[in-house]
There are 2 protein chains.
Amino acid sequence: MENELIMISKKVTKKIFMPVDVIYQGESEKILTNMYLFPDNSVDFIITSPPYADKRKKFYNSIHPDDYVDWFLPISKELLRILKPNGSFVLNIKEHPRNGQRETYVLKLILALKDQGWCWIEEYVWYKKNSFPGKWPNRFRDAWERCFHLTKNEKFKMYQDSVKVPIGDWAEKRFKSMSDNDFKRHLSQTNSSLGRNVSNWLNRKKVYPHNVIVFEEEHYVSNVLEFATECSNRNHSAAFPLELPTWFIKLFTRKGDIVLDPFLGSGTTAYAALALNRHYVGVEKDQEYIELINKQIDKLNKTEN
Amino acid sequence: MENELIMISKKVTKKIFMPVDVIYQGESEKILTNMYLFPDNSVDFIITSPPYADKRKKFYNSIHPDDYVDWFLPISKELLRILKPNGSFVLNIKEHPRNGQRETYVLKLILALKDQGWCWIEEYVWYKKNSFPGKWPNRFRDAWERCFHLTKNEKFKMYQDSVKVPIGDWAEKRFKSMSDNDFKRHLSQTNSSLGRNVSNWLNRKKVYPHNVIVFEEEHYVSNVLEFATECSNRNHSAAFPLELPTWFIKLFTRKGDIVLDPFLGSGTTAYAALALNRHYVGVEKDQEYIELINKQIDKLNKTEN
DNA sequence: GTTCCGCATGAATCGATAG
DNA sequence: ACTATCGATTCATGCGGAA
């Protein structure tokens, strides 16, 4: 597939173009500094699941927990430069235990990112019901990961309507079981302006989600699902399932926007962007992965035509 | 109800007694320093939901986010002294947004607690499915809170069997169709050293939970909810449901153990401990709360006899 | 078409043992 | 003491072929 050049800004005198729908081979810390490939304020959305810190050697090339922040900051500095002022960055990560305790590098990273200029808007929880099994004397199995929502500014674009979910059974039960007084009291305590809209809310079929993300069968969107099945990437127990970038891309971009993943891995972000008619840009150091992804994408484009 | 004195250690020459089943009126930062009321290494479990940081003045007495860590550390220092070497401390907390961004004091607090000598074992997510609706342009409604599991040592007591949950629906089908392979030890084809012997699970009814805690229905102690609503202006953490301390008390203590809540609020921890035949000790600065809790507990004890 | 059944597997973690 | 390797333990769900 040819790279496609699209104009990223109509306002500047000098028109700047950025190559999209392309995957670069190499280290993010180097490639992202290229101002021709990654101009300032050019990307609408960044989502990635960077390599986790691990002191074990069998994962060669892994970053030691103690070095993680120093390793990540130069990369996030470029991301901050590349991201559009109203864009968003979603960072999926979870610290492992070491010697029975959780590592602290993720906490330190968020503090450091704020120092670097990022706004920390929110931490979403990705709740993985079917997490890896195991039993240990000091902990249960880890069934959730962090998805940090970071931005360049306090104002940013967010298309909440595009990720509405069907109202759950709980709502009906909840309201039935509450007396009128309980209900009024709770509303006035929570948010006084809410009372007026409650009747609307009860009759609505779809509601806004919250900040705990759970993927259930119903949440699949038709054409993304088909697409996903074709690239055999619809795997619930995957490290980074298609649903995760799909959900955030819908939430933070519109058709034609540019999505960047600086650690593309097996290409999940690219598939999700493609299926949603967004442009993708990826960086991945493993040439094998890249060839596989490109082959896959070619196939998908052919079947579509 | 009379205070009950129980011996906390049979090994020491001088027998030390600690008053239990009592609520002290006052500020935790002062009362906890009393070595007669709170001897070293005397409490089996601590769980609390401290007042949230809030810079708004309408919540008088609230702690400013920027001062939160400095305010909390002297208290946690006493907790570290009071807790038994094999005990646990569960801290339920969630940072609010300020100016559109999440506050950072919780992240800083965990780092500071580690410096103070605490072991950070785990962060449990309390997933509040039925959190009330609300809509903002930059975030969805907050449906989860952090429950940090902190200890004095890497080894501690944990009674995992007491919080087992029913196995999922999948199991029934699965058990009906056991193949030969299921009865052998079967090694995964990938490099992961995960082997499994499904026959071990045959007819298993209960499994261990994971680190995302979900309560299907909230059972508030009836008039605790009412009272908490009335007093909501005092910036007490919104009463957590009885299930939360109940779950953790079962997990980390046995009958007769001592449970401490340094910010007792509307008394949920005390009710939970009492119902599970554990001893409670609470600190609360609001005399009104204390009188209500004691009255309530008296009533409960009478109905029991 | 729809349901059922067999089987594969996923960013796991701890403790013991060996070098 | 410190690091590397290996064995033991554990759920939930997707997928493909069969009934």
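The analysis underlying the following values was restricted to heavy atoms, covering all of them including side chains, and did not include hydrogens, waters or symmetry mates. First the proteins, then the strands, lettered A, B, ... as listed; each starts at 1. What you see is a predicted model; the values in this text were computed from it and never measured.
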Parallel under 30°, tilted from 30 to 60°, perpendicular over 60°: which one fits the rings of B:Tyr124 and B:Trp247?
-> perpendicular

Whichever of A:Asn130 and A:Trp136 has its nearest DNA chain D nucleotide further upstream toward 5' = A:Trp136

Nearest-nucleotide 5' precedence on DNA chain C, A:Asn92 against A:Gln101 = A:Asn92

Ignoring backbone atoms, test whether A:Asn138 places a side-chain nitrogen or oxygen under 4.0 Å from the OP1 or OP2 oxygen of C:dC14.
-> yes

Across every strand shown, the nucleotide meeting Watson-Crick or G-U wobble geometry with D:dC2 (both distances under 3.5 Å) is C:dG19

How many Å lie between CG on A:Asp142 and P on D:dC11, as a whole number?
-> 15 Å

What's the closest nucleotide to the A:Lys135 side chain, out of D:dT9, C:dG10, D:dA12?
-> D:dT9

Do any side-chain nitrogens or oxygens of A:Arg141 fall under 4.0 Å of OP1 or OP2 in C:dT13?
-> no

To the nearest angstrom, the CZ-P distance between A:Phe215 and C:dG10 comes to 19 Å

May I have the distance from A:Phe140 (atom CZ) to D:dT9 (atom C1'), rounded to whole angstrom?
-> 14 Å

May I ask you to check if B:Lys152 and B:Trp118 form a cation-pi contact, with NZ or CZ under 6.0 angstrom from the six-membered ring centre and within 45° of the axis?
-> no

Do the ring planes of A:Tyr105 and A:Tyr68 sit parallel (below 30°), tilted (30 to 60°) or perpendicular (above 60°)?
-> tilted

Considering only D:dT13, C:dG15, C:dT13, which nucleotide approaches the side chain of A:Arg139 most closely?
-> C:dT13

Between C:dG15 and B:Lys155, is there an OP1 or OP2 to side-chain N/O distance shorter than 4.0 Å?
-> yes

NA contact type, A:Gly134, heavy-atom cut-off 4.0 Å: base, sugar-phosphate, or nothing?
-> base

Among C:dA12, D:dT13, C:dT13, the one nearest any side-chain atom of A:Phe132 is C:dA12

Closest nucleotide of DNA chain C for A:Ser131 versus for A:Gly100: which of these residues is on the 5' side?
-> A:Ser131

Between B:His210 and D:dC11, does any side-chain N or O lie under 4.0 Å from OP1 or OP2?
-> no

A:Asn92 and A:Glu145 side chains, donor-acceptor separation under 3.5 Å | yes

Nearest-angstrom distance from the residue atom OH of B:Tyr208 to C1' of C:dT13 | 15 Å

Whole-angstrom distance between C:dG1 and D:dG16, as gauged at atom C1' = 16 Å

With under 30° as parallel and over 60° as perpendicular, where do the rings of A:Phe72 and A:Phe89 fit, or are they tilted in between?
-> parallel

